[in-house]
Protein chains: 4
Amino acid sequence: MAEVTLTVTAKEKAVPAPPDKPRKSAASDDRRTRIATAARDVFAEKGYASATMREIAAAADMHVPTMYQYFRSKEEILELVYSWTINQAVDLMQDALEGTAPVEQRIDQIIRRLHDVNLKLRRGTLVMNRETRSLSRTARDRVLGHYAGMVEKLGDVIAEGQAEGIFREMDPQLAAVFVDALADVWVLRPFAVRDKDSEDYAAELVAFVRNALMGNADMTPETPGQTVTNRRN
Amino acid sequence: MAEVTLTVTAKEKAVPAPPDKPRKSAASDDRRTRIATAARDVFAEKGYASATMREIAAAADMHVPTMYQYFRSKEEILELVYSWTINQAVDLMQDALEGTAPVEQRIDQIIRRLHDVNLKLRRGTLVMNRETRSLSRTARDRVLGHYAGMVEKLGDVIAEGQAEGIFREMDPQLAAVFVDALADVWVLRPFAVRDKDSEDYAAELVAFVRNALMGNADMTPETPGQTVTNRRN
Amino acid sequence: MAEVTLTVTAKEKAVPAPPDKPRKSAASDDRRTRIATAARDVFAEKGYASATMREIAAAADMHVPTMYQYFRSKEEILELVYSWTINQAVDLMQDALEGTAPVEQRIDQIIRRLHDVNLKLRRGTLVMNRETRSLSRTARDRVLGHYAGMVEKLGDVIAEGQAEGIFREMDPQLAAVFVDALADVWVLRPFAVRDKDSEDYAAELVAFVRNALMGNADMTPETPGQTVTNRRN
Amino acid sequence: MAEVTLTVTAKEKAVPAPPDKPRKSAASDDRRTRIATAARDVFAEKGYASATMREIAAAADMHVPTMYQYFRSKEEILELVYSWTINQAVDLMQDALEGTAPVEQRIDQIIRRLHDVNLKLRRGTLVMNRETRSLSRTARDRVLGHYAGMVEKLGDVIAEGQAEGIFREMDPQLAAVFVDALADVWVLRPFAVRDKDSEDYAAELVAFVRNALMGNADMTPETPGQTVTNRRN
DNA sequence: TATGAATGAGGATTCATTCAT
DNA sequence: GATGAATGAATCCTCATTCAT
């Protein structure tokens, strides 16, 4: 597992220029990365709508008009932040998702990795969870599709576990979304975990999910007075 | 359980005037409620910062200056939406949290109730999850404390279950936050549940949590190098 | 002198209704007086343009719509404040201006009275000095004419003194304006007299004016090197 | 004396940028000067509170948002007008105040200079006399202190004259304020001097003050009951 | 390419004034 | 007559975006 927890150290990937604004130079990608980073931070701090171009420019140590050479609008920057964050997340998740270890181990690794990614991309995760509405319909579809794909892969792993009889029956894709949501708790409800150690948190998270997936609880519908028969799903 | 699921039908509570802007008339509370509803909807749709007073006024079928007779600023409306939503949620959760049924049943009721509340307060929940940053520090503390109290009560129920040996050991308050976060998935990740029936979702949610809490999965830490053998049938 | 200093004790005169809005009752004049007083205070505090009708109403312990029964607009209130203040000032100055004592004594009495009036009508004087611009052209002419008449009478007294050879030659009307301006210093430059006793101030004022009017200073044009000849005017 | 009256012809000093909004270019100071001039004129015409940013911008031949690159608020413009006007006044008064000529001559020069300055800074003087209330407490203290310093110097000259036995005894600082107030009559009571020639006015002013300061009028207090006999020939 | 300035639209908020009860 | 509410215009200020140097 060690290699799992540790691999989240890759250098931040550069942000490639969009196809219609052809990449001029390596420095260009560099600039885009600087802007994306700065924007992500400012968005996380003040929200997309309240962030001003001047603030972003200041955070990126650039001039506003200069920024406009790398994108066409503020919204495009938000898209940039989304796609860049998602790409990083997907990349970082990749080997954990595609491992060949037994499903039980893989699930643990995936969960831990999800947490690690959230640690690393904290502000990106924050922005992505909050600003979906600020994206245009088309950008939203385009950009979130990529993310959904990742969650889907997680669902596939769960389905695999179910096929092997390790996990109980339930909609595996919903289970995947649940897992993802739980991993985000660290970022989205910071007040609830403020006094927690990240490692402990990861362990609790893993245990919670593992039990939820394996299952063995008596699920008799609990209408009062009703006879409880041992229905297992 | 039936009576639990059904009770979430009380009329929306009126929004009382703040103490310093004394309630002038019964119509006054009415107006405040109209504003809170309208604002909640607009905030859910476009986000707090992007929502304009004109839009809120239009949604409330009022004139903008008229609205200013009922609060002092846009931010105060947001606070209103928060406190109003939270109060409703807490009220609706109350009997489920304070029931005397066996813990196992109570947990199920609570979860279903959480889902019901989220169905009913969908847009309020959305806004509350996204706009925490838009609240002033003091308003945030004041308003979220109330909510935290509710989650804490859930944690107490879980702790009770642990004491009874029904639930496995884990930080009960963290577990409560997890449960809350899972219930919010319906609202916060609508794309992931779009084609799901609300009832089915509730059932899946209950099962997921119940298993997670009861637990009996083999949690042998898979320390690197350790041979993983203990795979459950 | 005693009777001079003491007579400024008349009850505040009621403000009569304008001819076109016929006086309904004695209570009506009472209301107008209350409004004028309140408005004068608020105007003195925040300036005419920044004062709001609500503030004035609050100061008058009235409701805004009620106020509109006694005048037609905010500007009309300002006119009210002007005419009311001026009327009071003129009334209070009257006997001092029309006395039959020797000019030298009368001037002293007038100056002291000017100061007394300013003490009594402090806020009115303030407003009148600052808000001339806020009055409509016609109101300004109408209202300030009355005041100019008072200053003119003072000029006449000075002229009388000049005719008697007591005062030196100079434009007596300008002298009157000078005297008036000096009396206002107490109100208009409060920072400059803050640590002064009102009585001392009056004495300094009287001495200053008396010397200025009597005159005996060598007024030889003081071009350097020019021989100074004793020209007396 | 000639050189005194004539020197008030220096080009208007540029308005330097405040230290926290660093001066960007030479054009920048130019802009600030344009704004200060325009604002001073509009304020003189309609009063600070009634003047709108649009009007100021129009008078400065600028766009409103452009103006906001040079200051942060309307109030800051008012401060600008104050400090700029005061600085100009102080500069223009300086040599007259610090001359080495005999006190008697210097006083005349100072008075004439005060009048010249008021001619030149007419609108600034107007605004400064009327809008003290519109300044924030701190700005008021900061800005008016400078002005008070100037008046104080005038008081020192008067005190010097008293020490030399040329001027009669009185509070020299109060005398200075009186002189300042008299010089402002030209600006503050224009209706009273409308048909006067500026030169004649200056002459009258000088004579008035000189006599007031030199004095030798019999100041026997005319306590009631005392027989007034000592009438000057 | 760096940088100050321009532009025009729009946002929150506040008023004087008038209704309606 | 007292009182809360309505109205619509205006105000200050800020922005994203684009010029021009």
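Residue numbers start from 1 in every chain, and the chains themselves are labelled A, B, ... in the order their sequence lines are given, proteins ahead of strands.
No donor-acceptor pair under 3.5 Å is formed between the side chain of E76(B) and the backbone N or O of S73(B). Side chain of R123(D) to backbone of T37(D): no donor-acceptor contact under 3.5 angstrom is found.
Side-chain N/O atoms of R31(B) include one lying less than 4.0 angstrom from OP1 or OP2 on dA6(F). Between Y70(D) and the phosphate of dA5(E), there is a side-chain N or O to OP1/OP2 separation shorter than 4.0 Å. OP1 or OP2 of dG1(F) lies within a sub-4.0 Å distance of a side-chain N or O belonging to Q69(C). Contact check, T66(D) against dA6(E): a side-chain N or O comes under 4.0 Å of OP1 or OP2. Residue H63(D) has a polar side-chain atom (N or O) positioned under 4.0 Å from OP1 or OP2 of dT7(E).
Going from atom NZ of K46(B) over to atom C1' of dG10(E) covers 13 Å, rounded to whole Å. With rounding to whole Å, I35(B) atom CD1 is found 13 Å from dA6(F) atom C1'. Taking atom CG of residue D61(B) and atom P of nucleotide dA6(F), one finds them 10 Å apart after rounding to whole Å.
One finds the CG atom of D30(C) at 10.5 Å from the CD1 atom of I35(C) (value rounded to the nearest 0.5 Å). Interatomic distance, F71(A) CZ to E79(A) CD, rounded to the nearest 0.5 Å: 12.0 Å.
Under the side chain to side chain contact (heavy atoms under 4.5 Å, CB included) test applied with I77(C), the options M67(C), R72(C), R32(C), R40(C) reduce to a single match, M67(C).
Electrostatic pairing of E131(C) and R130(D) does not count as a salt bridge here, judged by no charged N lying under 4.0 Å from a carboxylate O.
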Checklist line | Strand DNA chain E as a dot-bracket string - pairs counted if Watson-Crick or G-U with both distances under 3.5 Å, | where the partner lies in another strand | finding: .||||||||||||||||||||
Notebook entry, point to check: Between I56(A) and T52(A), does a side-chain contact (heavy atoms from CB on, under 4.5 Å) hold up when you go through it step by step?
Noted result: CA-CA 6 Å; I56(A) 300 174; T52(A) 76; over 6 Å; no
Next item on the list: Take L78(D) and F43(D) through the test side-chain contact (heavy atoms from CB on, under 4.5 Å) and record every step on the way to the result.
Entry: CA-CA 8 Å; L78(D) 184 59; F43(D) 291 162; 3.8 Å; yes
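For R140(C), the side chain to side chain contact (heavy atoms under 4.5 Å, CB included) partners two or more places apart in sequence, or in a different chain, are T132(C), R133(C), L135(C), R137(C), L144(C).
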Notebook entry, point to check: What does nucleotides 14-21 of chain F look like as a protein-contact string, B for base, S for sugar-phosphate only, - for none, at under 4.0 angstrom between heavy atoms?
Noted result: BBSBBB--
